[in-house]
Structures are given as structure tokens and as C-alpha cells.
Amino acid sequence: MKFGIVTFPGSNCDYDAYHAVVDQLGETAAYLWHKDRDLQGADVVILPGGFSYGDYLRCGAIARFSPIMDAVAAHAARGAPVLAICNGFQIACEAGLLPGALLRNASLKYVCEQRHLRVETTDSRFTAGYEKGQVVRIPIAHGEGRYHADDATLDRLEAEDRVVFRYVGADGGSDDRSNPNGSLRDVAGILNEGRNVLGMMPHPERAVEPLVGSGDGLALFESIVARVAA
Amino acid sequence: MTASFRIEIRVVPRRGILDPQGKAVADALHSLGFPEVGDVRVGRHVVVETRAADAAEAGRRAAEMCEKLLANPVTEDFEIEQVVPV
């Protein structure tokens with residue numbers, strides 16, 4: 001299976017994503033330059049984390065108009081998988097691939113630490129390898145990760161089982177410290193309507209081996225591979 | 001024939017959406033002896049120099065710029081404050 005990892009000017013998690021899918025899973029991957037227009041036959045597109053275009057104007061606001069994004073949107077429209085992580089999630093929201101927006105953390109602080117997430121649905125090609133309700137440790141690293149959408153959108157995301165991850169405490173419950181950024185309804189990751197685009201602020205690609213603190217993100221990549229290969 | 005215009009645009013977080021930056025500024029103003037201060041929101045001021053047939057067209061194009069790029073329709077409101085011939 002081939003992954004296409006988009007590199008925008010300012011992306012800095014593209015190599016981590018490559019490490020996850022090539023070194024850990026043994027799949028193939030290509031870096032896709034933001035000015036390219038084709039996906040080089042990628043089965044799965046990853047929009048990685050970073051600070052594309054210096055986060056100027058708003059995070060992801062300028063990257064969404066990169067030439068490669070037309071191909072990414074067409075790929076998503078075909079129902080093919082797109083994994084949008086951190087800055088990639090911000091770009092996907094700006095591009096309209098996912099609803100809502102990511103705003104400045106309520107604390108106004110950049111937060112970089114391991115957090116606990118609860119897997120809210122396994123009905124997705126990204127999380128089929130987890131147990132529903134499973135608590136995983138995945139790091140976050142962002143200053144603008146507060147998920148915002150209007151109430152009707154949030155209700156719909158919940159009704160359609162499209163909230164994939166929520167921030168929780170170590171015990172899987174929520175308290176006043178379990179939400180690191182003020183995201184509405186503790187949302188850490190969501191699916192699009194077709195369930196083929198996942199946007200999440202936490203970094204599963206930085207949690208693929210115990211050496212770096214957690215291997216809990218590996219199952220997400222394994223789920224994608226299992227589903228696409230099937 | 002086109003003429004040059006300077007367009008001033010204000011983009012602010014929509015009312016009702018938590019603006020932690022505005023809240024931090026409000027808290028600072030309170031502690032500096034401005035207890036009368038209520039809600040504060042911090043936004044952006046964008047100055048665009050452009051060309052258009054007339055001021056009305058310049059304003060219309062500026063609104064399109066806001067809808068497409070300069071403001072996020074999910075969270076922000078924009079206002080074209082002035083269109084000035086230069």
C-alpha cells in the first residue's frame with residue numbers, strides 16, 4: 001500500500017508520518033510537494049502536522065489553496081482515505097473537508113505533552129483495530145487546537161457517530177483537567193460524512209513505538225492498512 | 001480603466017465564541033484600573049491595496065476576498081471599514 005505524505009512549506013511531522021508507515025509498518029510512502037498536482041498513485045493521503053505557511057492569517061488558511069489540495073479533495077470525494085493530523089486537521093477544516101474550525105487554546109498556551117484519548121467509535125477505517133471505549137496515550141503539540149463548531153454541527157457529529165476521539169483523563173473519564181485546549185464537547189478527532197477523512201489534533205505518528213513514550217498510535221495506521229488491503 | 005484603492009478590513013471573532021485572547025486583555029485592563037471594561041475581543045485589521053473600476057467594485061471584490069480567505073466563516077465576522085482612492 002502506498003501512502004502520500006504532503007509536505008507544505010512549514011510542515012514538520014511529514015518525516016514522523018513516513019517513519020510510522022514505512023519503518024514501522026513496512027508500507028511504501030512518497031512525499032508529495034505542495035506545488036505538485038498529482039498524488040503519485042497514493043492509496044492514502046496524510047496531511048501532516050507543522051506550521052504550514054507560518055500559520056499566517058489563520059492556521060491552514062493559506063495551505064488549503066496549495067495546488068496539491070485539489071487532488072487531495074478529489075481523492076477524498078472518491079471516498080479514499082485522508083488522515084489529517086494537527087496542522088493537517090486545521091488545513092482540512094479550512095478546506096471544507098471537515099466541519100468546524102480549530103481556534104487558539106483556551107489557555108493561550110502551546111501544549112506539548114502525552115494525553116489520554118478515548119476511542120469513541122471503531123466504525124471507521126482508522127480505528128477498527130481499537131476497542132470502543134479504549135483509552136490510549138497519544139501526544140498533542142499545538143497552540144490552536146480548540147475544536148469549535150456550532151451546536152447543530154456538534155449534535156450531528158455525535159448523532160452520526162463521527163466523533164472518533166475525545167480527550168479524557170487516565171481513567172477514561174472527564175474532569176476539569178482532561179481537556180487540554182477547551183475543545184467543545186472534548187472533541188479531539190472527527191470524521192467527515194463519508195467516514196474516509198479523519199481529522200485529529202493529537203499525533204498518532206509520534207506514538208508508534210514504546211521508545212518514544214507510547215505505541216498506542218500504531219493501531220491507527222494498522223487499521224488503515226488492514227482496511228485498504230482487504 | 002482602473003484606479004487604485006486602499007481597502008481597510010476588520011475581522012473579529014464572532015460574538016458568543018470564546019476569545020481567550022480578548023479575555024486575557026480584559027483581565028489585564030481590569031487589573032490596570034479599568035474596571036468598567038466589559039467584553040473584549042481581539043481581531044485583525046487587514047489593509048489591502050488593489051485596483052478596480054470604481055469604489056463599489058473594489059468593495060465587492062474585498063467582500064469576496066474576505067469570504068474566500070481573510071475571514072473564517074465558521075468563527076469570524078468581517079467588516080469592510082473603508083475603501084479609499086489612492
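Just so it is clear: chains get the letters A, B, ... in the order the sequence lines come, proteins before strands, and each one is counted from 1.
- Pairing each heavy atom of B:P20 with each of A:A106, the nearest pair is CB-O, 3.3 Å.
- For the pair A:L57/B:R44, a side-chain contact is recorded, criterion being any heavy-atom separation below 4.5 Å from C-beta on.
- Of all residues in residues 70-86 of chain B, those placing a non-hydrogen atom less than 4.5 angstrom from a non-hydrogen atom of chain A are B:L70, B:A71, B:N72, B:V74, B:T75, B:E76.
- Rounding to the nearest 0.5 Å gives a distance of 8.0 Å between CD of A:E94 and CG of B:L69.
- Only the backbone of A:N105 comes within less than 4.5 Å of a heavy atom in chain B; its side chain stays farther off.
- Shown here is A:Y56, whose OH atom has no more than 12 heavy atoms of other residues, nucleotides or ligands within 6.0 Å.
- Among the candidates A:I62, A:T153, A:L108, A:L184, the residue making the largest number of heavy-atom pairs closer than 4.5 Å to chain B is A:L108.
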Kindly list each side-chain donor-acceptor pair under 3.5 angstrom involving residues 199-207 of chain A, sequence neighbours excluded, with atom names and distances?
{"from": "A:H203", "atom 1": "ND1", "to": "A:E205", "atom 2": "OE2", "distance (Å)": "2.7"}

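- Residue A:L103 touches chain B through its side chain alone, counting heavy-atom pairs closer than 4.5 Å.
- Looking at B:K23, there are no atoms closer than 4.5 Å to chain A (heavy atoms on both sides), in backbone or side chain.
- Atom CZ of B:R61 sits in a sparse spot, with 12 or fewer heavy atoms from other residues, nucleotides or ligands closer than 6.0 Å.
- With respect to B:L18, the side chain to side chain contact (heavy atoms under 4.5 Å, CB included) criterion is satisfied by exactly one of A:R104, A:R146, A:H148: A:R146.
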